[in-house]
Amino acid sequence: MNGSLRDEALKDLGPQVLGVLVRRGADFASAEDAVQEALLEAVRRWDVAGAADDDGTGVPADPKGWLVTVAWRKFVDARRSASSRAQREIRVTLEPPAGPTEQADDTLLLLSRCCHPALTPASSVALTLRAVGGLTTAQIARAFLVPEATMAQRISRAKRTVTGERFEQPGDVHAVLRVLYLIFNEGFTGRSGADDGVDLAAEGVRLARQLVAAVPDDAEAAGLLALMLLHHARRDARTSPSGEPVPLDRQDRSRWDTATIAEGVALLQGALARDRLGPYQAQAAIVALHDDAATAEETDWSQILEWYDELVRLEPRNPVVALNRAVAVGHVDGPLAGLRLVEALDADLPRRDAAAAYLHEQAGNLGEAGRLYAVAADAATSTAERTHLTKQAGRVRQLSEG
Amino acid sequence: MAKYLLLKHYRGIPEPVPGTDVPMDRWTPDEVTEHMAFMGRMIDDLKERGEFVDAQALSPRGAFVRYDGAGKAPVTDGPFAETKDLIAGWMAIDVESQERAYEAAAHLSSAPGPGGRALHEWIEVRPFLTDNSEVTG
């Protein structure tokens with residue numbers, strides 16, 4: 001096995017092995033240490049091309065089984081020496097009988113542990129990427145633009161937190177959904193991620209696929225994966241050659257990935273057929289309707305508005321949903337109808353001014369639109385958003401003055 | 001998580017709390033040592049919490065520089081003894097909330113000064129613009 005193939009395989013196997021150990025009752029932090037040691041040993045021993053040779057090097061026939069055995073031994077050894085240090089006997093040394101590994105259960109158990117409610121969202125994100133995603137601490141640190149030592153500390157604090165929380169049953173799938181969506185969202189950027197080797201959006205999709213495999217009957221898990229895929233399909237069109245974000249209505253739709261859209265739509269249809277609607281499915285339905293339009297003008301805003309009505313029903317106190325719905329109302333019933341709804345929302349709501357500016361522009365109030373775009377640019381939280389809104393302000397002001 | 005810059009100013013900030021604006025060069029050596037040790041402990045604490053990004057002190061002796069046309073040497077101006085706003089240094093942190101950023105800034109502001117009393121120094125807190133734009137539409 002060549003080095004990069006081996007590393008790819010180990011990246012996938014590490015979390016699976018960790019899941020087995022945790023399911024066997026190992027505490028999280030010790031299990032992770034043991035898996036890391038086993039992976040290092042694998043790197044040392046599997047470094048020979050071709051099959052196993054006489055002295056036992058080379059890739060074993062069952063790499064996962066090999067890793068589980070080695071990691072469990074390391075865990076037991078560590079527990080033994082820890083317990084002898086503490087001058088007491090701990091009977092964890094009996095290896096459970098080998099059986100078929102229940103990969104799906106393990107994945108869910110690991111994910112729900114990494115997304116435990118005792119953790120902050122950022123800690124869950126980091127721990128999930130480390131323990132389930134198999135990324136290195138250095139990769140995660142680079143992706144979040146913090147020093148590696150800071151990320152290492154964040155992950156080890158998170159591990160300490162969940163180590164104290166013993167639970168045998170997988171926790172709330174919804175907490176996992178939220179963390180996976182955060183990961184995807186972090187990667188939803190103009191940068192492809194190719195420059196630093198970590199593509200968080202792709203990681204989010206990969207983890208969501210694992211989750212869906214673990215809970216095939218969960219409509220919202222499928223809804224989340226569909227939502228990610230339907231967004232992900234547009235990624236090539238979302239950035240201009242110079243790296244600037246291109247808004248939805250000006251994207252070259254021929255560059256959308258139709259195979260990914262088809263997969264997302266099929267997943268969504270399967271989820272909706274279960275008749276357990278949730279916010280991720282409703283959002284996926286909205287994105288699917290956008291993806292379905294051959295041009296921005298052909299967008300079926302009436303259907304989109306119906307889905308926003310569902311979303312409002314599901315999340316009546318979510319102001320972001322209310323704001324997005326107001327924009328949809330602007331498309332269906334006219335910009336002034338949308339504006340009335342926007343103006344009823346909290347003045348501090350992020351992007352409220354941007355939405356109002358857009359609707360004023362549609363209504364022909366270019367002066368007010370220009371003013372509000374500038375106000376919105378000032379309050380933007382990302383460089384891309386700020387640049388986009390600044391340009392909108394300049395464009396509308398030129399129109400109104402020229 | 002969101003990144004914030006905690007800016008310490010030599011001057012150019014809101015009115016200092018009365019009695020806390022003695023320049024550092026009039027403190028006793030021990031008071032300076034205590035102040036610096038506090039900064040070190042704060043950085044260690046941020047590191048331990050997984051929130052530390054960067055910390056940097058700046059010399060007050062800087063200059064303003066600008067382009068003066070192709071092929072020409074840059075124009076410099078300053079340093080200005082009377083510049084209203086002068087940045088002393090910063091800490092960059094990556095934290096869960098604005099509330100936590102303010103808490104860290106308040107802690108920085110509690111650094112000891114003359115007589116070991118808290119300085120109550122004004123700290124300017126500025127959010128970073130992020131790299132990613134959230135999913136919409």
Side-chain angles (χ1 to χ4, degrees), chain A residues 120-123 125-126 141 143-147 149-158 181-182 184-191 200-201 227-228 230-232 234 238 245 247-249 283 286-287 289-290 299 304 320 323-324 327-328 350-351 354-355 380-388, chain B residues 1-8 12 14 36-58 85 87 89-108 123-137:
Chain A
T120 61
S123 304
V125 164
F144 288 92
L145 306 172
V146 298
T150 294
M151 189 51 77
Q153 198 52 39
R154 200 176 286 172
I155 291 170
S156 75
R157 280 172 71 98
Y181 196 43
L182 280 176
F184 179 81
N185 236 328
E186 276 295 336
F188 193 83
T189 147
R191 296 174 305 148
L200 288 178
L227 175 61
M228 289 179 178
L230 291 164
H231 272 305
H232 209 55
R234 298 183 201 147
R238 211 160 43 214
L248 180 57
D249 59 357
Q283 289 177 76
I286 290 165
V287 182
L289 285 164
H290 281 297
T299 306
I304 286 174
V320 177
L323 182 65
N324 289 337
V327 174
R351 297 197 181 82
T381 58
S382 78
T383 317
E385 191 187 349
R386 182 185 168 84
T387 305
H388 171 68
Chain B
M1 299 291 267
K3 293 192 181 69
Y4 289 86
L5 197 60
L6 311 184
L7 279 171
K8 277 168 74 78
M36 292 308 173
F38 177 95
M39 294 299 164
R41 285 196 302 274
M42 173 153 184
I43 289 172
D44 288 345
D45 179 56
L46 290 170
K47 286 180 174 165
E48 204 279 324
R49 298 173 66 114
E51 296 176 337
F52 178 79
V53 177
D54 187 29
Q56 192 60 58
L58 295 173
D85 186 1
I87 292 165
W90 69 72
M91 286 189 192
I93 58 176
D94 189 23
V95 293
E96 200 70 46
S97 62
Q98 178 179 276
E99 189 187 9
R100 169 63 194 139
Y102 285 7
E103 181 185 88
H107 183 63
L108 184 56
I123 304 295
E124 187 180 1
V125 180
R126 301 281 303 274
F128 280 41
L129 286 179
T130 61
D131 246 3
N132 64 316
S133 49
E134 246 172 78
V135 173
T136 47

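Chain A is the first sequence line, chain B the second, and so forth, proteins listed ahead of strands; every chain is numbered from 1.
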Check: Do the side chain of B:Thr130 and the main chain of A:Thr383 share a donor and acceptor less than 3.5 angstrom apart?
Finding: no
In this structure, CE of B:Met1 is separated from CD of A:Glu186 (nearest 0.5 Å) by 10.5 Å
Separation between CG (A:Leu145) and CG (B:Asp54), nearest 0.5 Å, reads 12.5 Å
If one checks every heavy atom of B:Glu48 against chain A at 4.5 Å, the contacting part turns out to be both
Tightest non-hydrogen contact, residues B:Gly50 and A:Gln153, listed as N-CG, 3.9 Å
Cut-off 4.5 Å, heavy atoms of chain B, and the answer for A:Pro121 is both
Query raised in the report: With distance as the sole test, does A:Thr150 use its side chain to make a donor-acceptor pair with the main-chain N or O of B:Val53 at under 3.5 Å?
Result: no
